[in-house]
Amino acid sequence: MSFTIASWNINSVRLRLPIVLRFLAEYRPDILCLQETKCPDALFPLQPLVAAGYAYAALNGQKGYHGVATISRLPFIHTDKKLFCGRHDCRHIEATIEYQGKKIHIHNVYAPAGGDETDPALNPKFAHKLQFLEEMHSFPADKGDGCASLLVGDLNIAPLENDVWSHKQMLKVVSHTPIETSELLGAQKAGGWVDILRTKVPPQEKLYTWWSYRARDWAASNRGRRLDHIWSSPDLLPFLDKITICREARGWEKPSDHVPVMAHFFPPQSL
DNA sequence: ATGGTGGTCATACCA
């Protein structure tokens, strides 16, 4: 029995409940971290998820915007929320699980998109994004408590050249500007995190997790970006079996513009 | 250079 975690920016969990249930039925992750749920906790559709076998949920939602939720087949031994930038935006929830004696902190993160203008002096949303990135620098993979960690979510940045369809054309586009990509890689390094999607797909290969709604034909033009990420503490790397980018979900009925990303781990006792 | 498509909540605002 492997351990599988998935992350998906769902762009309204209530509107897209049918494809959430389809994904859970077909891929059966142990944990699913959702972003942009756009749903206050009191209105979160728990019952159908419980019926699908996901009995545990850690919710941090608000009306209309943002919102994260971590749903699980395994119980949580602890949950926590972090506020970023002194705001009450719902952009983070931490849930700790125990899997075969190994405790794992799972951070579910939704980073600010940042608007269109790339000058933080002119665009407060981009300034907010940069401050969020700065605060992500003090988000360690090793908390010093002996637990492993995973950090997943929509970070709204495609850090590497082949995380976008055209590096050259995207350098002036929010999500791939040099300040964002260097800050994100800086936060990753400062926290001691490993970008595990890129341990299985080499940086020379294109890899996308998001395709705009605005394209006439998203699959034909294939102008994607890798905005969704799975980071781990280095101690989990020996157990990493494979990753899955569920590209097919972009073609499902009433799709999100993001697709689920997954990591599959061998059971620690098997190695 | 522009607008292209979605979501929320009922109007602009956000992605």
Side-chain angles (χ1 to χ4, degrees), chain A residues 7-23 33-45 59-69 84-85 87-93 108-120 122-133 136 152-159 163-166 168-177 179-181 184 208-229 246-261:
Chain A
S7 175
W8 195 5
N9 178 317
I10 198 60
N11 188 16
S12 171
V13 67
R14 284 176 287 177
L15 188 71
R16 278 182 241 292
L17 185 62
I19 60 169
V20 173
L21 295 173
R22 176 173 177 181
F23 172 70
C33 296
L34 295 168
Q35 302 87 36
E36 276 206 275
T37 54
K38 300 185 176 178
C39 181
D41 294 347
L43 300 178
F44 194 90
L59 306 177
N60 186 14
Q62 68 186 81
K63 181 173 153 181
Y65 303 102
H66 322 313
V68 292
F84 285 85
C85 311
R87 301 184 184 215
H88 287 278
D89 291 355
C90 296
R91 296 185 177 277
H92 169 263
I93 194 156
N108 178 355
V109 177
Y110 174 56
D116 292 331
E117 165 61 52
T118 60
D119 181 348
L122 300 176
N123 175 6
K125 286 188 276 193
F126 195 65
H128 176 212
K129 186 176 197 176
L130 295 180
Q131 189 187 346
F132 190 97
L133 283 166
M136 275 189 72
V152 310
D154 176 10
L155 303 182
N156 266 312
I157 296 173
D163 292 341
V164 292
W165 64 278
S166 166
K168 188 160 179 275
Q169 287 181 252
M170 288 290 299
L171 279 169
K172 291 187 160 98
V173 177
V174 170
S175 74
H176 194 64
T177 65
I179 179 77
E180 292 170 87
T181 56
L184 187 68
Y208 311 139
T209 67
W210 174 92
W211 292 263
S212 171
Y213 284 128
R214 295 176 188 175
R216 233 175 242 150
D217 183 334
W218 70 272
S221 60
N222 197 27
R223 295 186 169 190
R225 305 178 198 173
R226 186 171 73 109
L227 303 179
D228 302 275
H229 298 270
C246 304
R247 193 180 194 273
E248 62 156 336
R250 186 63 180 79
W252 288 352
E253 182 144 358
K254 295 271 285 172
S256 170
D257 44 357
H258 297 252
V259 300
V261 296

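Chain letters run A, B, ... following the sequence lines, proteins first and then strands; every chain starts at 1.
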Gap between atoms [atom1] and [atom2], on [X] and [N] respectively (whole Å):
| X | N | atom1 | atom2 | result |
| --- | --- | --- | --- | --- |
| A:R214 | B:dG4 | CZ | C1' | 6 Å |
| A:K129 | B:dC14 | NZ | C1' | 14 Å |
| A:L227 | B:dC14 | CG | P | 19 Å |
| A:K38 | B:dA15 | NZ | C1' | 6 Å |
| A:L15 | B:dC14 | CG | P | 20 Å |
| A:W210 | B:dT5 | CH2 | P | 14 Å |
| A:Q169 | B:dA1 | CD | C1' | 14 Å |
| A:L17 | B:dG7 | CG | C1' | 16 Å |

Report task. Quickly, which of A:W218, A:W211, A:Y213 forms a side-chain contact (heavy atoms from CB on, under 4.5 Å) with A:D257? Name it, please. Result ->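 So the option named by the test is A:Y213.
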Report task. With C1' as the reference atom in both, quote the distance from B:dA1 to B:dA12 in angstrom, rounded to an integer. Result ->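 Pairwise C1' distance, B:dA1 against B:dA12, rounds to 24 Å.
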Report task. For nucleotides B:dC14 and B:dA10, find the distance between their P atoms and express it as a whole number of Å. Result ->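 The same atom, P, in both gives a distance of 15 Å.
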Query raised in the report: Relative to the 5' end of DNA chain B, which residue comes earlier, A:K63 or A:N9, by the nucleotide with the nearest heavy atom?
Result: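 Going by which nucleotide is closer to the 5' end, it is A:K63.
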Report task. Using the closest heavy atom to pick a nucleotide of DNA chain B for each, name whichever of A:P255 or A:Y65 lands nearer the 5' end. Result ->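 Of the two residues, A:P255 wins.
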Requested in this report: Compute whether any side-chain donor of one residue and acceptor of the other, for A:S7 and A:Q35, lie under 3.5 angstrom apart.
Outcome: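 Yes, a side-chain donor-acceptor pair sits under 3.5 Å.
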Report task. Using both distances under 3.5 Å as the test, list the Watson-Crick or G-U wobble partner of B:dA12, or none. Result ->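 Looking at the geometry, B:dA12 pairs with B:dT8.
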Query raised in the report: Of the nucleotides B:dT5, B:dC14, B:dG7, which one has an atom closest to the side chain of A:K254?
Result: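 Within the option list, the nearest is B:dG7.
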**Report entry** Selection from B:dC14, B:dG4, B:dG7 that lies nearest to any side-chain heavy atom of A:R16
**Finding:**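 Shortest atom-to-atom distance from the side chain points to B:dG7.
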Requested in this report: Give me the ring orientation class for A:H66 and A:Y110: parallel if the planes are under 30° apart, tilted from 30 to 60°, perpendicular past 60°.
Outcome: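 Ring orientation of A:H66 relative to A:Y110: tilted.
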Report task. Would you confirm whether A:N123, through its side chain, and A:G114, through its main-chain N or O, come within 3.5 Å as a donor-acceptor pair? Result ->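 Yes; at least one donor-acceptor contact below 3.5 Å.
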Query raised in the report: Would you find a donor on one side and an acceptor on the other, under 3.5 Å apart, between the side chain of A:Q131 and the backbone of A:C85?
Result: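 Side chain of A:Q131 to backbone of A:C85, a donor-acceptor pair under 3.5 Å: no, none is there.
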**Report entry** Under 4.0 angstrom between A:S12 side-chain N/O and B:dT8 OP1 or OP2
**Finding:**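 Yes, such a contact exists.
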**Report entry** Phosphate OP1/OP2 of B:dC14 contacted by A:K125 side-chain N/O (<4.0 Å)
**Finding:**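 Answer yes for this pair, as a side-chain N or O of A:K125 is under 4.0 Å from OP1 or OP2.
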